[in-house]
Amino acid sequence: HMPASIRWGGIIALIQSAIGFAYALFLIFREVTGKTDPSIVYTTSDANTWVGYGTTAFFILVFGTVAAGALNMMKGRRWGRGAVVMLNLILLPAAYYMFVEGRILWAVVTGISAIAVLGMLFNPRAVHWANTAF
């Protein structure tokens, strides 16, 4: 029997993925409208386009994998747990970086969501569920 914490961890991972997809859409919008990121130093005029679209492709790949994993995990299957765990392990230092840069609210939300998901997926019942064969 799948613990409820797996379902809730999957729901939070889906919300995290939706935010990642929203950012990817923002990057596409920014590229289409010709906006640039002033913090990036470009060596050629073409590099600007590739940074935006490349980051978009990366976000879609990563958050698409996490979303698929979260949905699969929420259906009671074990595949997907690793992708969700990996994303949330990456979000912890990202939250620290946000905090150091003065983005306190974003840091707190990101850090709490990552800790919550990791706690939900690594509690004793969830670990037992993940380790049992079908």
K.L.:
To the nearest 0.5 Å, tell me how far F63 CZ sits from T65 OG1.
P.N.:
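Between F63 CZ and T65 OG1, I get 10.5 Å after rounding to 0.5 Å.
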K.L.:
As an exercise, state the distance from CD1 of I115 to CG of L92, rounded to the nearest 0.5 Å.
P.N.:
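One gets 5.5 Å once the value is rounded to the nearest 0.5 Å.
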K.L.:
What I'd like to find out is whether the side chain of T110 reaches to under 4.5 Å of the side chain of R103, using heavy atoms alone.
P.N.:
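SC-SC contact between T110 and R103 ruled out.
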K.L.:
When rounded to the nearest 0.5 angstrom, what distance separates CZ in R77 from CG in L71?
P.N.:
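Going from the CZ atom of R77 to the CG atom of L71 covers 10.0 Å.
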K.L.:
Going only through I, L, V, M, F, W and Y residues with side-chain contacts under 4.5 Å, is there a path from M86 to F122?
P.N.:
no
K.L.:
With side chains defined as the heavy atoms from C-beta onward, is the minimum distance between F21 and L25 less than 4.5 Å?
P.N.:
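Side chain of F21 against side chain of L25, heavy atoms only: no contact under 4.5 Å found.
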K.L.:
At what distance, to the nearest 0.5 angstrom, does CD of E101 lie from CH2 of W106?
P.N.:
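So the gap between those two atoms works out to 15.5 Å.
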K.L.:
Does one hydrophobic cluster hold both L105 and Y97, with members joined at side-chain heavy-atom distances below 4.5 Å?
P.N.:
no
K.L.:
Hey, mind stepping through N88 and Q16 against side chain to side chain contact (heavy atoms under 4.5 Å, CB included) and telling me if it holds?
P.N.:
CA-CA 9 Å; N88 284 280; Q16 292 167 334; 2.8 Å; yes
K.L.:
Rounded to the nearest 0.5 Å, what separation is found between the CZ atom of R125 and the CE atom of M120?
P.N.:
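Interatomic distance, R125 CZ to M120 CE, rounded to 0.5 Å: 13.5 Å.
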K.L.:
Would you name the heavy atoms of N123 and S5 that are closest together and state the gap between them?
P.N.:
ND2-OG, 2.9 Å
K.L.:
Roughly how far, to the nearest 0.5 Å, is the CH2 atom of W8 from the CD1 atom of I11?
P.N.:
4.5 Å
K.L.:
Please report the closest heavy-atom contact between R7 and M2, naming both atoms and the distance.
P.N.:
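It is NH2-CE, 3.5 Å.
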K.L.:
Report whether L87 and I15 are members of the same hydrophobic cluster (ILVMFWY, side-chain heavy atoms less than 4.5 Å apart, transitive linking).
P.N.:
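The answer is yes; both residues are in one hydrophobic cluster.
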K.L.:
With heavy-atom distances below 4.5 Å as the criterion, would you say the side chains of T56 and E31 are in contact?
P.N.:
no
K.L.:
How close do A83 and V66 get, heavy atom to heavy atom, and via which atoms?
P.N.:
O-CG2, 3.7 Å
K.L.:
Using every non-hydrogen atom in the two residues, find where I6 and A126 come nearest and quote the distance to one decimal.
P.N.:
CD1-CB, 3.6 Å
K.L.:
Is it true that F59 and F29 fall in one hydrophobic cluster, defined by side-chain heavy atoms closer than 4.5 Å?
P.N.:
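F59 does not cluster with F29.
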K.L.:
Would you kindly confirm whether L61 and V84 end up in one hydrophobic cluster when ILVMFWY residues are joined by side chain heavy atoms under 4.5 Å apart?
P.N.:
no
K.L.:
Please report the closest heavy-atom contact between A13 and V117, naming both atoms and the distance.
P.N.:
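Minimum heavy-atom separation between A13 and V117: N-CG2, 4.5 Å.
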K.L.:
Any side-chain heavy atom of W129 sitting closer than 4.5 Å to one from R78?
P.N.:
yes
K.L.:
Between V127 and R81, does the side chain to side chain contact (heavy atoms under 4.5 Å, CB included) criterion hold? Intermediate values first, please.
P.N.:
CA-CA 10 Å; V127 170; R81 185 174 179 267; 3.9 Å; yes
K.L.:
So which heavy atom on F99 is nearest to which on A107, and how close?
P.N.:
N-CB, 3.5 Å
